[in-house]
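First up is the structure itself, then whatever we jot down about it.
Hydrogens, waters and symmetry mates are skipped; everything else that's a heavy atom, side chains included, is used. All residue numbers refer to positions in the sequence shown, counting from 1.
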Amino acid sequence: MSGFLLLSFVLTPVVSNAENSEEWEYSLTPYLFLPLSTQGTSTVAGTEADLDLNLSDVLEILDIAFATRFEARRNRFGVLADLYYVSLSMDEGATLTPAMNPELDLTATLNVDVDVRQGWLSLQGMYRAFESPAGVRYPWALDLSAGARWNYLKQEIDTNLALEILPGPGIQQSLGGTETWWEPVVGFRTGVEVSSCLRLALRADVGGFGAGGDDLQWGVLMGAERDFGERHALRFGYLFYGIDYSSFRADGRFAYDVDQHGPYVAFSWRW
């Protein structure tokens with residue numbers, strides 16, 4: 001079972017007059033990530049399942065997803081907040097007959113519900129470590145960031161076995177559950193302005209470092225930003241993401257080790 005992610009490490013304008021501005025500048029950016037490939041393993045109650053999904057596989061089990069990023073900056077300093085949530089589910093049922101005597105008038109119904117959800121809320125401080133002098137042909141800048149991220153991960157499998165000869169709801173079992181944890185996160189982004197309305201950028205974030213069971217959570221984004229006036233921008237690019245989380249619950253090992261990559265698109269409002 002997959003834990004599909006609609007996350008994106010969203011591009012923000014990295015080339016500006018941040019050092020000279022005395023006013024706070026803000027941006028709000030909803031975003032969407034389309035994973036062309038999702039590979040890895042999902043472990044619930046000590047049972048490991050291999051994942052190898054394409055985009056159409058993911059969209060078939062997607063219930064809801066939303067993600068947005070807020071940023072505030074003044075001079076060289078700033079803060080950013082990133083909110084993300086996705087919910088996936090799968091419901092499979094089957095009717096069984098006795099293997100030893102298929103003619104026996106006795107049937108059983110097996111239903112399996114799989115519920116996977118992931119989300120986080122991160123808060124980071126930013127510092128503009130370098131900005132090229134005014135007047136250069138292709139100005140560029142480098143931002144550094146550090147902070148904390150609260151994570152939420154649910155992997156739950158509910159089974160129900162109902163027999164015709166037995167009254168009641170049947171034999172029920174629930175495996176897995178929900179884990180939450182805090183972890184540190186650090187990152188950088190750098191970009192170059194190739195025209196008055198177009199920027200190219202590279203961004204990387206790394207978190208986890210063993211905190212709360214998350215050995216590593218990382219993302220690398222390569223993309224571009226196209227301005228539409230002074231207050232709006234379209235952002236697009238390609239994202240690589242990975243997470244390696246594991247813990248132990250009462251019913252066994254609970255783990256999520258997944259790598260994804262695919263295009264993303266975002267729209268930003270600035271004021």
Side-chain angles (χ1 to χ4, degrees), residues 1-14 26-40 42 51-72 80-90 115-124 126 143 145 149-155 185 187 189 191 197-207 217-229 231-243 245 256 258-271:
M1 182 60 198
S2 166
F4 162 60
L5 300 175
L6 279 175
L7 74 96
S8 169
F9 293 85
V10 174
L11 213 58
T12 55
V14 296
Y26 307 94
S27 66
L28 181 66
T29 308
Y31 56 85
L32 177 66
F33 171 53
L34 302 174
L36 301 180
S37 172
T38 299
Q39 295 184 327
S42 172
L51 306 177
D52 187 4
L53 305 176
N54 57 33
L55 180 59
S56 62
D57 296 330
V58 169
L59 294 178
E60 286 182 2
I61 58 176
L62 176 65
D63 292 329
I64 186 173
F66 62 86
T68 190
R69 180 184 180 95
F70 173 78
E71 183 173 325
L80 65 88
D82 198 23
L83 174 64
Y84 155 80
Y85 178 80
V86 64
S87 175
L88 307 161
S89 66
M90 183 175 65
D115 186 6
V116 176
R117 305 180 191 185
Q118 186 178 15
W120 68 68
L121 174 63
S122 69
L123 182 63
Q124 298 183 60
M126 297 185 300
D143 289 347
S145 63
R149 178 164 51 204
W150 178 81
N151 291 271
Y152 168 88
L153 176 62
K154 179 179 182 180
Q155 296 184 116
V185 58
R189 66 185 180 198
C197 62
L198 181 64
R199 288 173 289 276
L200 305 178
L202 171 67
R203 176 186 171 90
D205 285 351
V206 180
Q217 187 171 181
W218 60 274
V220 176
L221 166 67
M222 298 176 291
E225 178 181 87
R226 173 67 163 83
D227 286 340
F228 293 92
R231 299 186 179 276
H232 305 96
L234 177 65
R235 297 163 184 174
F236 49 91
Y238 207 86
L239 172 69
F240 299 86
Y241 170 80
I243 181 173
Y245 174 82
Y256 185 65
V258 169
D259 293 316
Q260 296 179 298
H261 64 81
Y264 81 91
V265 63
F267 194 82
S268 180
W269 288 266
R270 299 192 294 263
W271 68 96

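Residues Leu123 and Trp150 form no side-chain contact, since every pair of their non-hydrogen atoms from C-beta on lies 4.5 Å or further apart. Using a 4.5 Å heavy-atom threshold, the side chains of Leu221 and Phe33 count as separate. Looking at Val220 and Leu202, their side chains come closer than 4.5 Å, going by heavy atoms from C-beta outward. Residues Gln260 and Ile243 have side chains not in contact (no heavy-atom distance under 4.5 Å, counting atoms from C-beta outward). Gln217 is listed as a side-chain neighbour of Tyr241, based on a closest heavy-atom distance under 4.5 Å. The shortest distance between side-chain heavy atoms of Ser42 and Val258 does not fall below 4.5 Å. At least one side-chain heavy atom of Leu62 sits less than 4.5 Å from a side-chain heavy atom of Val86. Taking the side chain as every heavy atom from C-beta outward, His232 and Trp269 approach each other to under 4.5 Å.
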Quiz item: Should Phe236 and Leu234 be marked as a side chain to side chain contact (heavy atoms under 4.5 Å, CB included) after you check the CA-CA gap, both sets of side-chain angles, and the distance that decides it?
Solution: CA-CA 7 Å; Phe236 49 91; Leu234 177 65; 4.2 Å; yes
Practice problem: Would you check, one step at a time, whether the test salt bridge (charged side-chain N to carboxylate O under 4.0 Å, His left out) holds for Glu225 with Arg189? | Solution: CA-CA 13 Å; Glu225 178 181 87; Arg189 66 185 180 198; over 6 Å; no
Quiz prompt | Chi angles and distances behind the side chain to side chain contact (heavy atoms under 4.5 Å, CB included) call for Leu53, Glu60 | solution = CA-CA 11 Å; Leu53 305 176; Glu60 286 182 2; over 6 Å; no
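To the nearest 0.5 angstrom, Asp82 atom CG is 8.0 Å from Arg149 atom CZ. Between Leu51 atom CG and Tyr256 atom OH the span is 7.0 Å, to the nearest 0.5 Å. Between atom CG of residue Leu28 and atom CZ of residue Arg270 there is a gap of 12.5 Å, rounded to the nearest 0.5 Å. Taking CG from Leu239 and CE from Met222, the interatomic distance works out to 9.0 Å, rounded to the nearest 0.5 Å. Distance check: Arg235 CZ to Tyr264 OH gives 8.0 Å after rounding to the nearest 0.5 Å. Summarising the geometry, atom CG belonging to Leu32 is positioned 12.5 Å from atom OG1 belonging to Thr68; distances are rounded to the nearest 0.5 Å.
Taking the six-membered ring where tryptophan is involved, the planes of Phe70 and Trp271 are tilted, since the angle between them lies from 30° to 60°.
When all heavy atoms of Leu153 and Tyr245 are compared, the closest pair comes out as CD2-CD2, 3.9 Å. Shortest non-hydrogen contact noted between Arg117 and Tyr152 is CB-CE2, 3.8 Å. When every heavy atom of Ser87 is checked against every heavy atom of Asp115, the shortest pair comes out as OG-OD1, 4.4 Å. Shown here for Trp120 and Gln118, the closest heavy-atom pair between the two residues is CZ3-NE2, 4.3 Å. Summarising the geometry of Gln124 relative to Asp205, their closest heavy-atom pair is NE2-OD2, 4.2 Å, with the distance given to 0.1 Å. Across Met126 and Ala72, no two heavy atoms sit closer than the pair CE-O, 4.3 Å.
Here Arg203 does not pair with Asp143 in a salt bridge; the nearest charged N to carboxylate O distance is not below 4.0 Å.
In this model, a donor atom of one side chain and an acceptor atom of the other lie less than 3.5 Å apart for Ser89 and Asp63.
Applying the 6.0 Å contact sphere to CZ of Arg226 captures more than 12 heavy atoms from other residues, nucleotides or ligands.
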